[in-house]
Amino acid sequence: MVRRLAEVAKKVGVSEATVSRVLNGKPGVSEGTRAAVLTALDVMGYERPTQLRGERARLVGLVLPELQNPIFPAFAEIVVGALAQRGFTPVLCTQTAGGVSEADYVEMLLDQAVSGVIFFGGLYAQADSPHGHYDRLAERGLPTVLLNAAVENLDFPRVSCDDAAAAEQAIAHLQALGHDRIGLILGPPDHVPSNRKLAAARAAIGIPDDRVEHTLFSSEGGQAAATRLINRGMTALVCASDPLALGAVRAARRLGRAVPGDVSVVGYDDSALMAATDPPLSTVRQPIELMGRAAVEMLMAEIAGSPVTHDELLFEPELVLRRSSGPAPEPA
């Protein structure tokens, strides 16, 4: 007990006597200091005293599907900063192959009595994935916000980039460059944001099935899908993520094609370093700062018990032109 008092006091920057007063529910401690002590207990893995366990910690779970795609750390950085400004501590939960599942993380966060959860591109975006752990959050009434498109039956606040507008912008850009053989590289067939992009592409250019490839969100998946599309005669590729687009550039080069001389490539996200690739990547930018801050604002309102719309909040993307897209090649 003495060691715990000392460690918590050191972390918070207060005296051991102050920590003791908080743990024993004594008066004479400011609300800010009290919250900081309880948060330190949670972060350091100590159990709260029995009389304090019913209170939610000033912790917020951030559940990310991966860290390899730089858009997710970028979102997390924005959200972490916005949470810190409001006195909340993030708990980062990142999935790995064969590691802790999203459902396991939900149970862990519930056990920690977190104040809320923000999800980034989780299983809620895949129609065929299990969604029972989201029901658990709803049953417990835990404030929860989803970043980017979700299946329709989940009743949580949602902050999304307009996937249809993103596809329309990329296609219009390539059409203006003279391309009429445009292929689409998307995520898995049950992925909601990818299907929104596909619907927009079909409405814009009536894209046939043989010009659409579904794959995993990775540069390797992008390379394999792009190889098939280029071999079918595509001169331009619209990709559902920047890593997919980088894989597409590599595929073109492996096939002896120049980018953008023979094949133009447009990505999605405008994640870190896309201006420094070879060639610099044309892409459709998600407004991550606006989206991240909106997600935190909605979560804070839910935590405070204020009414929050559960309608999807859509943000407009922005086409960023660099050197991976250019005029359509002359017919052979």
Mind jotting down which residue pairs meet the salt bridge (Lys or Arg N to Asp or Glu O under 4.0 Å) criterion with at least one end in residues 290-310? Sequence neighbours excluded, please.
->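 Non-adjacent pairs meeting salt bridge (Lys or Arg N to Asp or Glu O under 4.0 Å): R86-E297, E289-R293.
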
Check against side chain to side chain contact (heavy atoms under 4.5 Å, CB included), V296 and F88 = CA-CA 11 Å; V296 172; F88 284 82; over 6 Å; no

Should we say atom CG of L273 is surrounded by more than 12 heavy atoms from elsewhere, each under 6.0 Å from it?
->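 Atom CG in L273 is not crowded, with 12 or fewer foreign heavy atoms closer than 6.0 Å.
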
Check whether more than 12 heavy atoms from other residues, nucleotides or ligands sit under 6.0 Å from atom CZ of R323, and answer yes or no.
->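 No - once you tally the heavy atoms of other residues, nucleotides and ligands closer than 6.0 Å, there are 12 at most.
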
Side chains of S282 and H173: do they bring a donor and an acceptor to under 3.5 Å?
->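 Side chains of S282 and H173: no pair found under 3.5 Å.
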
From [X] [atom1] over to [Y] [atom2], what is the distance, rounded to the nearest 0.5 angstrom?
{"X": "H310", "Y": "R158", "atom1": "NE2", "atom2": "CZ", "answer": "9.5 Å"}
{"X": "Q68", "Y": "T94", "atom1": "CD", "atom2": "OG1", "answer": "11.0 Å"}
{"X": "T283", "Y": "R322", "atom1": "OG1", "atom2": "CZ", "answer": "7.0 Å"}
{"X": "E139", "Y": "R136", "atom1": "CD", "atom2": "CZ", "answer": "6.5 Å"}
{"X": "L123", "Y": "H133", "atom1": "CG", "atom2": "NE2", "answer": "5.0 Å"}

Main-chain N/O of [Y] paired to [X] side chain as donor or acceptor, under 3.5 Å:
{"X": "T89", "Y": "L59", "answer": "no"}
{"X": "H131", "Y": "Q126", "answer": "yes"}
{"X": "D269", "Y": "I71", "answer": "no"}

How would you list, by chain and number, every residue that makes a side chain to side chain contact (heavy atoms under 4.5 Å, CB included) with L290, sequence neighbours excluded?
->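 If we apply the side chain to side chain contact (heavy atoms under 4.5 Å, CB included) test to L290, skipping adjacent residues, the hits are P287, F315.
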
Only counting residues at least two apart or in another chain, list the ones meeting side chain to side chain contact (heavy atoms under 4.5 Å, CB included) with P317.
->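 For P317 the side chain to side chain contact (heavy atoms under 4.5 Å, CB included) partners, ignoring immediate neighbours, are C161, D162, A165, A166, Q169, V284.
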
For G222 and I185, work out which heavy atoms get closest and say how close.
->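 G222 and I185 have their closest heavy atoms at O-CD1, 4.0 Å.
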
Report the C-alpha distance between R181 and R211 in whole Å, list the side-chain angles of each, state the deciding distance to 0.1 Å, and finish with yes or no for side chain to side chain contact (heavy atoms under 4.5 Å, CB included).
-> CA-CA 8 Å; R181 289 175 289 164; R211 296 189 179 188; 4.0 Å; yes

CA sep, side-chain torsions, deciding dist, call: E77, I288, side chain to side chain contact (heavy atoms under 4.5 Å, CB included) | CA-CA 10 Å; E77 183 179 11; I288 61 170; over 6 Å; no

Does a side-chain N-to-carboxylate-O contact under 4.0 Å join R285 and D270?
->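 Counted as a salt bridge, because a side-chain N and a carboxylate O are separated by less than 4.0 Å.
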
In sequence, state the C-alpha distance, the side-chain angles, and the governing distance for L246 and M274, and then conclude on side chain to side chain contact (heavy atoms under 4.5 Å, CB included).
-> CA-CA 9 Å; L246 295 180; M274 291 306 105; 3.9 Å; yes

Pairing residues for T18 by the side chain to side chain donor-acceptor pair (under 3.5 Å) criterion, not counting sequence neighbours |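 With neighbours one apart ignored, the set is S15, R21.
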
Show me the donor-acceptor pairs, under 3.5 Å and distance only, between side chains in residues 223-231 and residues at least two apart or in other chains.
unit_1: Q223; atom_1: OE1; unit_2: R250; atom_2: NE; d: 2.6
unit_1: Q223; atom_1: OE1; unit_2: R250; atom_2: NH2; d: 3.1
unit_1: T227; atom_1: OG1; unit_2: Q223; atom_2: O; d: 2.8
unit_1: R228; atom_1: NE; unit_2: E213; atom_2: OE1; d: 2.9
unit_1: R228; atom_1: NE; unit_2: E213; atom_2: OE2; d: 3.4
unit_1: R228; atom_1: NH2; unit_2: E213; atom_2: OE1; d: 3.0
unit_1: N231; atom_1: ND2; unit_2: T227; atom_2: O; d: 3.2

Is there any side chain to side chain donor-acceptor pair (under 3.5 Å) pair reaching into residues 184-207, and which pairs are they, with sequence neighbours excluded?
->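 Listed by first then second residue: D163-K197, H191-S194, R196-E312, R202-D209.
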
Is the F119-Y134 ring centre distance short of 6.0 angstrom?
->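 That pair passes the under 6.0 Å test.
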
